[in-house]
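Here the structure is laid out as structure tokens; the discussion comes afterwards.
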Amino acid sequence: MAELVRYTEEDGVAVVTIDNPPVNALGPGVTEAIDAALSRAEADAGVLAIVVIGAGKTFVAGADIKEFAKMRASRQCGPGHTEFLLRVEDCAKPVVMAIHGTAFGGGLELAMAGHCRVADANAQIGQPEVKLGIIPGAGGTQRLPRLAGIAKAAEMCSLGEPVKARDAFDAGVIDKLIEGVSRESDLRAAAVAFAREVAGKPVRKTRERTEKLHARTAADNAAILANARDAARKKLRGRRAPLAAIDAVEAATTVPFDRGLARERELFVECLFSQESSALIYAFFGEREVAKIPDVPKEMPVRPIHSAAVVGAGTMGGGIAMVFANAGIPVLLKESDQAALDRGLATMRSNYANSVKRGRFTQEDADQRMALVTPTLSYDDFSRADVVIEAAFESMALKKEIFAELSRVCRPDAILASNTSTLSIDEIADATTRPEAVIGTHFFSPANVMRLLEVVRGAATSKETIATCMQLSKRLSKVGVLVGNCRGFVGNRMFHPYRREAQFLVEEGANIEAVDRALFDFGMAMGPLSVADLAGLDIGWRIRKEHRHLEKPGVRQPFAEDRLCEMGRYGQKTRAGWYRYDEQRRQSPDTEIAELVRGWSREKGIEQREISSQEIVERCIYALVNEGARILEEGFALRASDIDIIYINGYGFPSFRGGPMWYADAIGLKKVYDLVSEFYRQHGEIWQPAPLLKRLAEEGKSFAEFGTEEKASA
Ligand code: 3H9
């Protein structure tokens, strides 16, 4: 086995290099090896100072996240890391931590236990544990306030966002920034030079520093912590870990260091054994699992993407062009008439202006990005594009026309992608002479904001095309999930029954706001009826009218939304839908509509009754789960976790509930199946339990296990 930690010496400085690829996580054996290296350096009279550095592209990205599941399973989680860091801090010789890449979680905790920290100016630090549903568990909540002050520490520990090295230097966490580091050896040389400067001087233990622990008065501290709690409740609604992290930081201000550590430990253990952390850790690995496609190996060659083209400068097309520009990829933006092109460009400029106003980037950045977008009214320059994304109106005839043209004008090796959300990729591919290069890239609105990208595999799509799009999605800062070519693909196919239930509930007597509130309280980013108003009720109406002939006679269909559309109530765009909207698009309830729906429902003989928020959540979420089970069994998603990642990143499903499939697994599929069967008895065919749900429930298995038997025997 390769050495996890290397020990070398350079002119009286011991260099301890952590080498545990890919991210130098503090996995089994790593802390022990660092410990041993420090003891060796301490015992060597010729060593005056020590540098700890990471091999490869990063310092230490944290404790090994895989270990948490083991700790939970064995119910063992001793204070090993905490005690190890006390020994690092007690080292009699100065320990200089040299940071590049990321010092996250346990990595930052290790760095703070050192006596000094130097960092590559491009590095980042952070305590992202709350994103995994836990809190820093090795002194981070006690040492960070001592270095950065209460406000910064509370913010970093509760929101988990990374901080750039320069800001960390300003906050007092980093002692020296090293500019111009292009290789690990540059940083090592600078750190060794720094170590020589501090060699022989008395060491300063972070835990003994108290000067930043208190704002001017105790009341100031209380106000800072209250603000941090408000921000955490707002930004990470429904979660326990962010508030626990602030409680731990507060302890740094009220009790001595060792008692602060004990409080942190208590809170860490509480969080580790929560559903929140199980769900979030699952989502962390699920997000990385999506890149693994059984028949498209990692080694599959990908086509280089140097330039792109987008057809259609509407809301989606403009947003997609921004995504390419944001990634530094030049992009042609094509429309069929000048006015539409001008409108599209104006929207993009205004979106960039908003980002500048909010401080997300500078005017110069915005100008550079806009300069990467070349507007055009013709296909003349399309031969330059390595990838084309069609984002025209949802009409098969139009798309076929566009793809036939693309097939003529694009280079033979270019990828031809459609942003369709409803139409068949195979039918679109048939319009070209190269179906192997045709694929779906379904972006979510607003395309420049939403992280999800459904990559839709057609029957003829080549593995190279898939591999290229999956890699491209990462470059575009998207989470690309490969799905099969079925109606609605994965996300919208499941969303359909979810939205259907929301409407049924209103038609059965639930309040419009009560439906939205129940799902918002469950953790959804928005209630389903508010989402419908935002997206535009007319879109679904148009699709329903087109597909009416496919509806089975006698099967209940929601009707209220169609009636709202007949009244010209299309949602936010007409300032009226399920709700009313003012000029600033602020929402208010519309009691008239509630009454109208009640009247229409009575006319149709739908019994009106009181409906609990529990029933609202179960009907809507289990509708997602039942359809998800069908999709999984039919092979349109590779694994249950892919469905969950789609829902978390594209549909506002709360990540702390793991996604719909994980949530169902956590409840137990037997229970879910029983209730779905009950809904089937009450509401008929639309609730027929998915065969996979039935089978797994009977076998006492979970969605997560589905497919593992096949994988194990492969
Ligand atoms: C913690 O530290 C708690 C402490 O308080 C101590 C308590 C006692 N562990 O993301 P990527 C794997 S909690 C294990 O694709 P990138 C990852 O699964 C931890 N594995 O790369 C993937 O594996 P695979 C706090 C990890 O360049 C591979 O590395 N730290 C860990 O886009 C590449 O990952 C965090 O939460 C880990 N800690 O991004 C940081 N980290 O190839 C979590 C990564 O088999 N990590 N892997 O799929 C990250 O944020 C990103 O991975 C990072 C690199 C920014 C570092």
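Counting convention: from 1, in listed order, for ligands and their atoms alike. Residue numbers run from 1 in the order of the sequence given. For the numbers below, each heavy atom of this structure counts, side chains included, while hydrogens, waters and symmetry mates do not.
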Ligand 1 polar-atom proximity to protein (N/O, under 3.5 Å):
residue	atom	partner	partner atom	Å
ligand 1	2 (O)	A63	N	2.8
ligand 1	2 (O)	G106	N	2.7
ligand 1	5 (O)	E109	OE1	2.8
ligand 1	5 (O)	E129	OE2	2.8
ligand 1	5 (O)	G137	N	2.9
ligand 1	9 (N)	I65	N	2.9
ligand 1	10 (O)	R288	NE	2.7
ligand 1	10 (O)	R288	NH2	3.1
ligand 1	27 (O)	K57	NZ	3.1
ligand 1	30 (N)	A61	O	2.8
ligand 1	32 (O)	K474	NZ	3.4
ligand 1	38 (N)	A63	O	2.9
ligand 1	45 (O)	K292	NZ	3.4
ligand 1	48 (O)	K292	NZ	2.9

Fill in the blank from the handout: residues 234-245 vs side chain to side chain donor-acceptor pair (under 3.5 Å), sequence neighbours excluded, gives R239-S655, R240-E270
Practice task
Only one of K205, R209, R146, R207 passes salt bridge (charged side-chain N to carboxylate O under 4.0 Å, His left out) with E89; say which it is.
Solution key: R207
Exercise for the section: From the options E161, E276, E287, select the one residue that forms a salt bridge (charged side-chain N to carboxylate O under 4.0 Å, His left out) with K131. Expected result: E161
Without placing hydrogens or testing angles, list every side-chain donor-acceptor pair under 3.5 Å for residues 166-180, not counting sequence neighbours.
residue	atom	partner	partner atom	Å
R166	NH2	E179	OE2	2.8
D175	OD2	R117	N	2.7

Practice task
Assess R72 against F68: is NZ or CZ under 6.0 Å from the centre of the six-membered ring, and within 45 degrees of the ring's axis?
Solution key: no
Handout entry: F656: partners by ring-ring contact (aromatic ring centres under 6.0 Å, His included), with sequence neighbours left out
Key = none
